[in-house]
Amino acid sequence: MCTGAAAINRRNTNESSPPLYTYFNQDQTLELPYSIPFFPSMAACLGSVSEMHSIRTVLEELDEEKQMVRPETTNSNPNSPTSTSTSIMVMRRKVERIFPVYARGKLSPRSDPSVNSGSVVGDSIWDAVRVEAKCEAENEPILSSFLYASILSHDCLERALAFIIANRLQNNTLLETQLMDIFCDVMVQNRGIHRAIRLDLQAFKDRDPSCLSYCSALLYLKGFHSLQTHRVAHALWNQGRKVLALALQSRVSEVFAVDIHPAAKIGEGILLDHGTGLVIGETAVIGDRVSLMQGVTLGGSGKETGDRHPKVGEGVLIGASVIVLGNIKIGDGAMIASGSLVLKDVPQHSMAAGIPAKVIGYVEEQVPSLTMKHDASKDFFEHVAIGCEGRSIGEYEYSI
C-alpha cells in the first residue's frame, strides 16, 4: 500500500491485473475496482510525500488565512509513528480541500532547471490561466485532479499545453509520453512559438463569445489545440522531420476533424472558431490576426504542383463553409461571407459573397477578424461600407 500524503492507494500491483485506485473522502475510504484512464498519464506529474511541496505551495496561496496547520504532538521525535501519522492526516485533509483525487506516480527530477524550464518572466497570460484554474478547482472539486494535472502541476504555459494536447492525441501506438516529449522539445525552445501561443490564446478569449476564460480555451477548444499542434508540426517540417510532422497532421485530422498541412504558413493571433471541417493546403499562407470559421477550405484547384493554394492577408475574416481555391490573394482586412466560393483575388478591405463570389462592399480602417461581424445588413453597411470616389462597386465585381 502506498504510504504518505498521496490520496490514491494502489493494490494488487502485478502486470497481469489492473490496479485498484482508492479515493479518500475525508475519513472514509472508497475503493474503485478499475483503473481510471486519465490517471496513468497524470501520474507522471505527481509524486510521493517528499515530492508534494508544490501542492503545499498551491494550498498556501488558496488559504485565506495564509497559515499552514501543523500537527500537535507530545513526541519530540519527528520520525516517530505518532508524529508521522498525524502529519500525514493533517496534510491529507489539507490537500483534499482542493485536490481530492490523486494517482501514485514519480516526479522526474530536472537535471538543469535553467535549460528545461520554459517559464517566461512576467507572463501575465500564464498567471491568469493559473488563477482561473485554482478558482475552478475550488468551485468544481470534481475537476480538481484534472485541473492540477493539466495546469497547476506545470511550471509554464508550454509544458501545460504539451500535456493537454498529448493526452488528446495519444493512442495505443503513439503514446502520450512520446507526444509530450515532442511538444515540449519544440515549444519550450522556440521563442516564436512562445509568442504565437499567447497571441492565439488572447485571440480565442477576445473574439469567441463562448470562450469564458483563458483556462477554458487552453483546456477544451479543439480549434486552439489543432492550431498549436500545427505550429509544432510546421517547426518539425522545417527541421526536415517531415514524416513525424505528417503523423501529427494525421492524428489532428482524426481527433479534431481539422486538416492543416504542416508546410502551411500561419501567422499569429489566429482564431479557428470551432475548427471542424477546416482544410488548409500545403502552400497556403495566412497572415496575422485572421479569423476562420468552421468548414473553411483553402485548397488547390487541380493536380498541379508548386505554389497552388490561397494567400490570406492580415486581419481577414472568412465565414463558415467558405471555399477558396487556387493560388489567389485575399487582401488585408477583407471579409468573405459564409458559404461563398472564391476563385479570384479579393481586394483589400472589401466584402465578397456568393457563388462565385463578388465584391459587394468595402470596409475602410476596419479589421473584420477582430469585430467578427459577419452580417451584411443595412445597419452594417451604414457603419462600415463606404463609397469610393471615382469608382463603382461594379468595377470590382467579377464572375467566372
Side-chain angles (χ1 to χ4, degrees), residues 125 192-193 195-211 217 221 223-224 226-228 230-231 234 260 264-275 278-281 283-298 309-340 342 344-354 357-377 379-388 393 396:
I125 288 185
I193 292 182
R195 173 183 168 89
I197 290 172
R198 286 158 179 79
L199 291 175
D200 294 341
L201 198 58
Q202 188 70 56
F204 276 80
K205 175 66 167 57
D206 291 346
R207 301 180 214 165
D208 185 354
S210 67
C211 181
L221 297 188
F224 181 75
S226 57
L227 177 59
Q228 305 318 314
H230 166 74
R231 296 198 185 282
H234 183 69
I260 308 176
K265 299 177 182 178
I266 300 180
E268 303 171 334
I270 305 298
L271 170 64
L272 305 184
D273 200 356
H274 301 292
L278 180 72
V279 177
I280 300 177
T283 60
V285 178
I286 299 176
D288 297 337
R289 299 180 298 164
V290 171
S291 296
L292 299 96
M293 304 300 291
Q294 70 272 16
V296 170
T297 297
L298 304 180
H309 294 100
K311 309 298 180 285
V312 180
E314 295 185 2
V316 172
L317 171 61
I318 302 183
S321 301
V322 168
I323 299 176
V324 186
L325 299 179
N327 184 14
I328 62 177
K329 183 176 180 180
I330 310 298
D332 294 348
M335 184 187 308
I336 312 298
S338 298
S340 299
V342 184
K344 289 189 177 180
D345 291 354
V346 176
Q348 295 182 1
H349 304 291
S350 63
M351 171 181 260
K358 297 181 179 181
V359 174
I360 62 173
Y362 302 96
V363 180
E364 186 178 66
E365 297 179 352
Q366 292 287 326
V367 183
S369 63
L370 302 185
T371 64
M372 296 295 288
K373 192 84 172 175
H374 293 270
D375 68 297
S377 64
D379 292 340
F380 172 73
F381 276 112
E382 287 178 353
H383 180 61
V384 299
I386 63 170
C388 297
I393 290 178
Y396 283 100

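Computed over heavy atoms, backbone and side chain alike; hydrogens, waters and symmetry mates excluded.
Distance CD/Q202 to CD1/I125: 5.0 Å, rounded to 0.5 Å. Here OG1 of T297 is found 10.5 Å from CG of L292. Values are rounded to the nearest 0.5 Å. Separating the CD1 atom in I260 from the CG atom in L227 is a distance of 6.0 Å, to the nearest 0.5 Å. The CG atom of D345 lies 8.0 Å from the NZ atom of K329; values are rounded to the nearest 0.5 Å. How far OG of S340 is from CE of M351: 9.0 Å, rounded to the nearest 0.5 Å. L272 contributes atom CG, which lies 7.5 Å from atom CD1 of I270 (distance to the nearest 0.5 angstrom).
A donor-acceptor pair under 3.5 Å links the side-chain atoms of S338 to the main chain of A320, judged by distance alone.
The salt bridge (Lys or Arg N to Asp or Glu O under 4.0 Å) test applied to K311 returns D307, not counting sequence neighbours. Residues passing the ring pair (Phe, Tyr, Trp, His ring centres under 6.0 Å) test with H234, sequence neighbours excluded: H230. Remark: S291 pairs with R207 by the side chain to side chain donor-acceptor pair (under 3.5 Å) rule, at least two apart or across chains. Taking the side chain to side chain contact (heavy atoms under 4.5 Å, CB included) definition, one finds that A217 meets it with L201, F204, C211, L221, sequence neighbours left out. Partners of D273 according to the side chain to side chain donor-acceptor pair (under 3.5 Å) rule, which considers only residues two or more places apart in sequence or in another chain, do not exist here.
Across all their heavy atoms, A337 and V322 have their closest contact at O-CG2, 3.1 Å. Minimum heavy-atom separation, I336 to V346: CD1-CG2, 4.0 Å. In this structure, A334 and P368 approach most closely via the heavy-atom pair O-CG, 4.0 Å. For F224 against D200, the heavy-atom pair with the smallest separation is CE1-CB, 3.9 Å. In this structure, S350 and V359 approach most closely via the heavy-atom pair CB-CG1, 3.9 Å. For the pair V316 and G333, the tightest heavy-atom approach, listed with the atom from each and the gap, is CG2-N, 4.0 Å.
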List, one per line, each side-chain donor-acceptor pair under 3.5 Å for residues 283-290, sequence neighbours excluded.
residue, atom, partner, partner atom, Å
T283, OG1, R308, N, 3.0
T283, OG1, H309, N, 3.0
T283, OG1, H309, ND1, 2.8
D288, OD1, E268, N, 2.8

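Contact check for I266 versus I280: side-chain heavy atoms found under the 4.5 Å cut-off.
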